[in-house]
Undergrad: 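Take a look at this one; I'll ask things after.
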Amino acid sequence: MPGYDSKSIREEIEQAAQGINSAQELEEFKIKYLGRKGVLAQLTASIPQLAPAERAAFGKEINALKEKIALLVDEKQGAFADSARVSSKTPVDVTMPGIAQPVGRIHVLTQLIEEICDIFVCMGFLVMEGPEVESEYNNFTGLNIPLEHPSREAFDTFYLKRSPQDKERFLLRSQTSPVQVRAMKAYKPPLAVVAPGRVYRPDAVDASHSFMFHQIEGFMVDRGITFADLKGTLELFAKTVFGKDISMRFRPHFFPFTEPSAEVDISCIICKGKGCSVCGRKGWLEILGSGMIHPQVFRNVGYDPSRYTGFAFGMGVERIAMLRYGINDIRLFFENDARFLKEF
Amino acid sequence: MKVTYNWLKDFVDIAISPAALAEKLTMAGIEVKAVVENSGDSVFEIEVTSNRPDWLNIAGLAREVSAITGKKLKKQPAVPLPLSKTSRQEQYSILIEDKKDCPVYTARIIEGVRVAPSPAWLKERLEMVGCRSVNNIVDITNYVLFEIGEPLHAFDAERLQGSCVAVRRARPAEKLITIDGQERNLSPDILVIADGKKPVALAGIMGGKDTEVAAATATVLLEAAIFNPLTVRRGRQRLGIQSEASYRFERSIDWASVDAASLRACAMIIEIAGGKLVQSKRSGTLKRAPQAISLAVDKASRVLGTDITPRQARSMLASLGFGVKALGSKGLKVTAPSYRADVKEDVDLIEEIARINGYTKIPTTLPGFIVQEAAVAASDPVRPIKKILASLGLDEVITHSIVNRGILDGLWHGEGEVLELENPLNKEQDILRPTLVPSLLGCVAYNLRQKQERIAIFEIAKTYARSGARLSEEYMLAIALCGEKKIWHSGGCIQDKPGLLHLKGVIESLFARLGITGYKLTWNEQGSIALFQADSALLGTLRILEPALLERFEIKNRGVFVAELAVAELLRHRRTSRRFIPLPRYPAMNRDVSVTVKDSVPAGTLRDAIMRHGGSLLEEAEIIDFYTGKQIENGFKNITFSCRYRSAERTLTEEEVNPVHRAVTEALVREFQARIR
């Protein structure tokens, strides 16, 4: 290459390297010699102009220069890092926010539903869902709730406008219990199911009422399933969700689809049973309705009540979330304020 | 319902404190909500389940207290009530139009009463249980209602026209002013008590103003009857009234309490207000044959999971007033008392045994449950979708399924009809949503009002529609992006405004994780909605919402980008099985190509061409830079692709790659008039 003098270039490089006093200067140095249009690139580009005999030796020289530069850069880089460490004990302002992708959140109700279902799945239950638009039969009659009975009032219901084509009247399920009827009609015992989902009741909206909320229904049917099994299963569930140190009690209650029926209380998780405003000074919090499946429900789905017994339970997911996290207004779940969602 | 401790003590000995009694009642199924001290007595606020109307009175609760505390019930002294002579000539008669509406009606006439304020003790007891004192006669009927559970009504007999009391359906256009002063329009679905001329009371619901007992009343007709629970329920729903009487009639009345209550009230009236009983009339019968239920005691043990002996079962049932006889060595033949119409089969008796024995005595065990193979389903397929979206920085929301029809304008062009509610809570929430998009816009608007800068949300929920007689509900996934996103890098922070490509990116990432491939994104004919399609199935749509539409949701000066996808289609197209693809064994060789082309040439078309000409050696062509702006002429854009060449068999040499890459470059020039930079 005309005018090329490997020695003078080497000297020039060494001099330039000595003058480097900052990371920025080092960067400029790298660009000047190693960049796409840098000195070495130009030298390489000139190879074809050389006589074939000279090419190999010239290429070797260029490679040697490259190695030399790399060595110098390494040295300098180490020196800058060291001097930074020496001059200041905080190479990075660690009080600056970390750089990360924003993380989205699964809604707290979904998280809780998944957690609860998983507990039962561990015990052999399978998760099933049913439609939200239901027949009167599945929501009421099949569950031994007579059409005209005061007990129906507890399950006040939204009905759909009837179209002339409809053979029956449809409603929005007021509970997840119709999944019992559907599942038992579809499968023979032994059967254990948890069914989470949305339910609807025409309640005026306030801090503790919502016309839409979530329930989880569960049931187990087999030969020899007992009330003691119901107690054991729900105790295991409640202690997993609320902690091993809670106490529990089962109180007689009435549900048309179970007999005997029980309401399940846990000791107040706020006051540990001493009595506070959350538990209404009673020391107990109601979390579940449950009982042994009524023989009439078995007859309705074609199970033989003399062969099989089973238990069923149902719980309100919002209620459990409110108790567990101390949320005081049910409307927060459905307003979806980003700040609320981010808390869970 | 309210009851008092001392009132219960009239019927049963109680040796425990009010607090201890409250605890015992609660654990026996009568939930005591509160105990309040009041003038030396304790008032219990209790909740009675709809199956136990026999607990809606003091006597019935006293029976329960006796069973759970083991104390004997006190005998109530029978007061002899002979009929007295009267100067009155006419005899009252009772005419029941339909025995189904009213199986029995009794009327007792007491002459010569003096209506006055009640004695203090009577007033006080009524007030403790939340009943306002009116006068001695009315108070006595209420007192007996609370004590025995049979609602009574006292008419001023002088104000009744004629001497016939009829129980009949109201005639069309009949009216009645009830004791609360309201004029009620009646119809044939309402059962009334009528005198010779007109209705004088709403049967089982409320008396009439005109015939109520007032200061001048001297003769009282005391009604004690049983009305059909359904008739009362429909009547009071129709009229929108609820009373202590209707509450009890709806839940059905103990037949045996009709005469007991009537006689108790007569005795109290004569004692407190004077007068004499001169007539006692009845229509209908009071008897009902009790059903015997056989109970195998070992079944109780089997259902409860604890040992119950026949002896225990027998004594517990007897304590509750059941008739019990032995049936073989392990069986019982049980007859329910008249007030226990809820007991119909053996499990009802098992519940009584469990209740009286105490649920706490039942052990806790875990079921030895065997899983049935056929019923085991794969895990919830929707769950991973939610997890992927959250990992992409989106928050899951849950919004109401019931919405207002008006919000669909411009947002739903689906097929079929919307499902309407028959009884909406209000006009604002009258349909089941056929799309999730308006609900998400509501969420976006809400969060903008809360001054949230970046909103990236999704919901997976059902949408509902009708087509003909078919009602469908389908899980949809909706996504909405709005607001600015801060992006930090080592040099500082920049604001990134989301656009349709951000939305596409979310969906691409989701599809990649689900293994959905071979889909296309195109604009629809109107150019307003982009469609995701795979083998002619519509996976979903993307949309840039128009400002006018957003303004309806009070979203101003913001871009909102929404997508709605059919979850079933995503699941149908996802890859369900995975095979490991071996990692490349030989290094790749990268060659960049930077082209300037007309704006109208889609990047995807360029990439397709590169891939086509790159042949088997070209593994991937990735866009690594994009530029449009002042540096190049108007109407053109610059795109840089990084082409990755690789062979599975060997390390590629420049001699192999260069000609291929040259062919690629030349093809771009030839096919798209691209200028290579």
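Here the structure is a predicted model, which is why all the values come from computation and not from measurement. First the proteins, then the strands, lettered A, B, ... as listed; each starts at 1.
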Undergrad: Does a side-chain N-to-carboxylate-O contact under 4.0 Å join D430(B) and K161(A)?
TA: no
Undergrad: Under the 3.5 angstrom rule, does the side chain of D222(A) hit a backbone N or O of G368(B) as a donor-acceptor pair?
TA: no
Undergrad: As a quick check of understanding, evaluate side chain to side chain contact (heavy atoms under 4.5 Å, CB included) for R52(B) and F254(A), giving each step before the final call.
TA: CA-CA 9 Å; R52(B) 295 302 301 267; F254(A) 170 69; over 6 Å; no
Undergrad: Report which part of D166(A) has an atom under 4.5 Å of a heavy atom belonging to chain B: side chain, backbone, both, or neither.
TA: side chain
Undergrad: Give, as side chain, backbone, both or neither, the part of Y200(A) having an atom under 4.5 angstrom from any heavy atom of chain B.
TA: side chain
Undergrad: Between F334(A) and chain B, with a heavy-atom cut-off of 4.5 Å, which part of the residue counts as in contact: side chain, backbone, both or neither?
TA: both
Undergrad: Using non-hydrogen atoms only, which part of L230(B) is less than 4.5 Å away from chain A: side chain, backbone, both, or neither?
TA: side chain
Undergrad: Between H214(A), R251(A), K282(A), Q165(A), which has the largest tally of heavy atom pairs under 4.5 Å with chain B?
TA: R251(A)
Undergrad: Give, for atom CD of E132(A) and atom CD of E473(B), the distance between the pair rounded to the nearest 0.5 Å.
TA: 5.5 Å
Undergrad: Nearest 0.5 Å please: distance from the CZ atom of R383(B) over to the OG1 atom of T110(A).
TA: 10.0 Å
Undergrad: Does any part of the side chain of T233(A), heavy atoms only, come nearer than 4.5 Å to the side chain of P367(B), both counted from C-beta?
TA: yes
Undergrad: What option among Q101(A), R249(A), R169(A) has the most heavy-atom pairs under 4.5 Å with chain B?
TA: R249(A)
Undergrad: For each of E351(B), E47(B), E31(B), tally heavy-atom pairs with chain A at distances under 4.5 Å, and name the one with the top tally.
TA: E351(B)
Undergrad: Atom CG of N426(B) and atom CZ of F211(A): how far apart are they, to the nearest 0.5 Å?
TA: 7.5 Å
Undergrad: Side chain from CB out, backbone as N, CA, C, O: work out which of these in K386(B) comes under 4.5 Å of a heavy atom of chain A, or both, or neither.
TA: both
Undergrad: Would you tell me whether R198(A) and S401(B) have side-chain atoms, one donor and one acceptor, within less than 3.5 Å of each other?
TA: yes
Undergrad: Taking all heavy atoms of H253(A) and all of T49(B), pick out the closest pair and write down the distance.
TA: CE1-CG2, 3.7 Å
Undergrad: Assess the residue pair V205(A) and Q429(B) against the criterion (side chain to side chain contact (heavy atoms under 4.5 Å, CB included)); give the C-alpha distance rounded to whole Å, side-chain angles, the decisive distance to 0.1 Å, and a yes or no.
TA: CA-CA 12 Å; V205(A) 175; Q429(B) 284 137 342; 5.9 Å; no
Undergrad: Quick check: do L172(A) and L421(B) have side-chain heavy atoms less than 4.5 Å from each other?
TA: yes
Undergrad: Could you please spell out the steps behind the side chain to side chain contact (heavy atoms under 4.5 Å, CB included) verdict for L160(A) and L432(B)?
TA: CA-CA 9 Å; L160(A) 294 194; L432(B) 290 178; 3.8 Å; yes
Undergrad: Taking atom types as modelled and ignoring hydrogens, do the side chains of E263(A) and Y359(B) form a donor-acceptor contact shorter than 3.5 angstrom?
TA: no
Undergrad: Name the member of K299(B), Q450(B), E459(B) that forms the most heavy-atom pairs with chain A at distances under 4.5 Å.
TA: Q450(B)
Undergrad: Any side-chain heavy-atom pair from E259(A) and K344(B) closer than 4.5 angstrom?
TA: no
Undergrad: Under 4.5 Å heavy-atom distance to chain B, tell me which part of K342(A) shows up: side chain, backbone, both or neither.
TA: side chain
Undergrad: Looking at E345(B) and R299(A), does any basic side-chain N land under 4.0 Å from a carboxylate oxygen?
TA: yes
Undergrad: Can you see which heavy atom on N336(A) is nearest to which on T399(B), and at what distance?
TA: ND2-CG2, 3.4 Å
Undergrad: Non-hydrogen atoms of chain A under 4.5 Å away: do they reach the side chain of T360(B), the backbone, both or neither?
TA: backbone
Undergrad: Which bit of T309(A) is near chain B, if near means a heavy-atom gap under 4.5 Å: side chain, backbone, both or neither?
TA: side chain
Undergrad: Is any side-chain heavy atom of E114(A) closer than 4.5 Å to a side-chain heavy atom of K387(B)?
TA: yes
Undergrad: Sort R234(B) into side chain, backbone, both or neither according to what part of it lies under 4.5 angstrom from a heavy atom of chain A.
TA: side chain
Undergrad: Mind ranking R355(B), Q452(B), E417(B) by heavy-atom pairs under 4.5 Å with chain A and telling me who comes out on top?
TA: Q452(B)
Undergrad: If you tally heavy-atom pairs under 4.5 Å against chain B, which of M292(A), M220(A), E235(A) wins?
TA: M220(A)
Undergrad: Could you state the interatomic distance from CZ (F227(A)) to CD1 (I362(B)), rounded to the nearest 0.5 Å?
TA: 4.5 Å
Undergrad: Checking the side chain of E396(B) only, and the main-chain atoms of H107(A) only, is there a donor and an acceptor separated by less than 3.5 Å?
TA: yes
Undergrad: Which atoms of A183(A) are under 4.5 Å from chain B, going by heavy atoms: the side chain, the backbone, both sets, or neither?
TA: neither
Undergrad: Considering only heavy atoms, which portion of R454(B) lies under 4.5 Å from any heavy atom of chain A: side chain, backbone, both, or neither?
TA: side chain
Undergrad: At a heavy-atom separation under 4.5 Å, does L341(A) approach chain B through its side chain, its backbone, both, or neither?
TA: side chain
Undergrad: Less than 4.5 Å apart, side chain to side chain, heavy atoms only: is that true for E129(A) and Y475(B)?
TA: yes
Undergrad: Can you tell which part of E474(B) gets under 4.5 Å to a heavy atom of chain A, answering side chain, backbone, both or neither?
TA: neither
Undergrad: Tell me which of these, R281(A), K231(A), M248(A), R223(A), has more heavy-atom pairs under 4.5 Å with chain B than the rest.
TA: K231(A)
Undergrad: Select one option (side chain, backbone, both, neither) describing which atoms of N423(B) are under 4.5 Å from chain A's heavy atoms.
TA: both
Undergrad: Decide yes or no for L366(B) and L236(A): does some side-chain heavy atom of the first lie under 4.5 Å from some side-chain heavy atom of the second?
TA: yes
Undergrad: Non-hydrogen atoms of chain A under 4.5 Å away: do they reach the side chain of R466(B), the backbone, both or neither?
TA: side chain
Undergrad: With chain B, which of G104(A), P252(A), A338(A) has the greatest number of heavy-atom pairs at distances under 4.5 Å?
TA: P252(A)
Undergrad: State the CD1-CE distance between I398(B) and M212(A), to the nearest 0.5 angstrom.
TA: 7.0 Å
Undergrad: Is there side-chain contact between T226(A) and R302(B), with heavy atoms separated by less than 4.5 Å?
TA: no
Undergrad: Contact part of Y247(B) toward chain A, heavy-atom cut-off under 4.5 Å: side chain, backbone, both or neither?
TA: neither
Undergrad: Based on non-hydrogen pairs under 4.5 Å, which of A100(A), A192(A), P97(A), G98(A) is most in contact with chain B?
TA: A192(A)
Undergrad: What part of D203(A) gets within 4.5 angstrom of chain B, counting heavy atoms only: side chain, backbone, both, or neither?
TA: backbone
Undergrad: Let me confirm one number: the CZ-CD distance from R162(A) to E420(B), rounded to the nearest 0.5 Å.
TA: 15.5 Å
Undergrad: Would you check if H400(B) and S210(A) make a side-chain contact, meaning some heavy-atom pair closer than 4.5 Å?
TA: yes
Undergrad: Which atoms of L419(B) are under 4.5 Å from chain A, going by heavy atoms: the side chain, the backbone, both sets, or neither?
TA: side chain
Undergrad: Work out which heavy atom in L425(B) is nearest to a heavy atom in P202(A); give both atom names and the distance.
TA: CD2-O, 3.6 Å
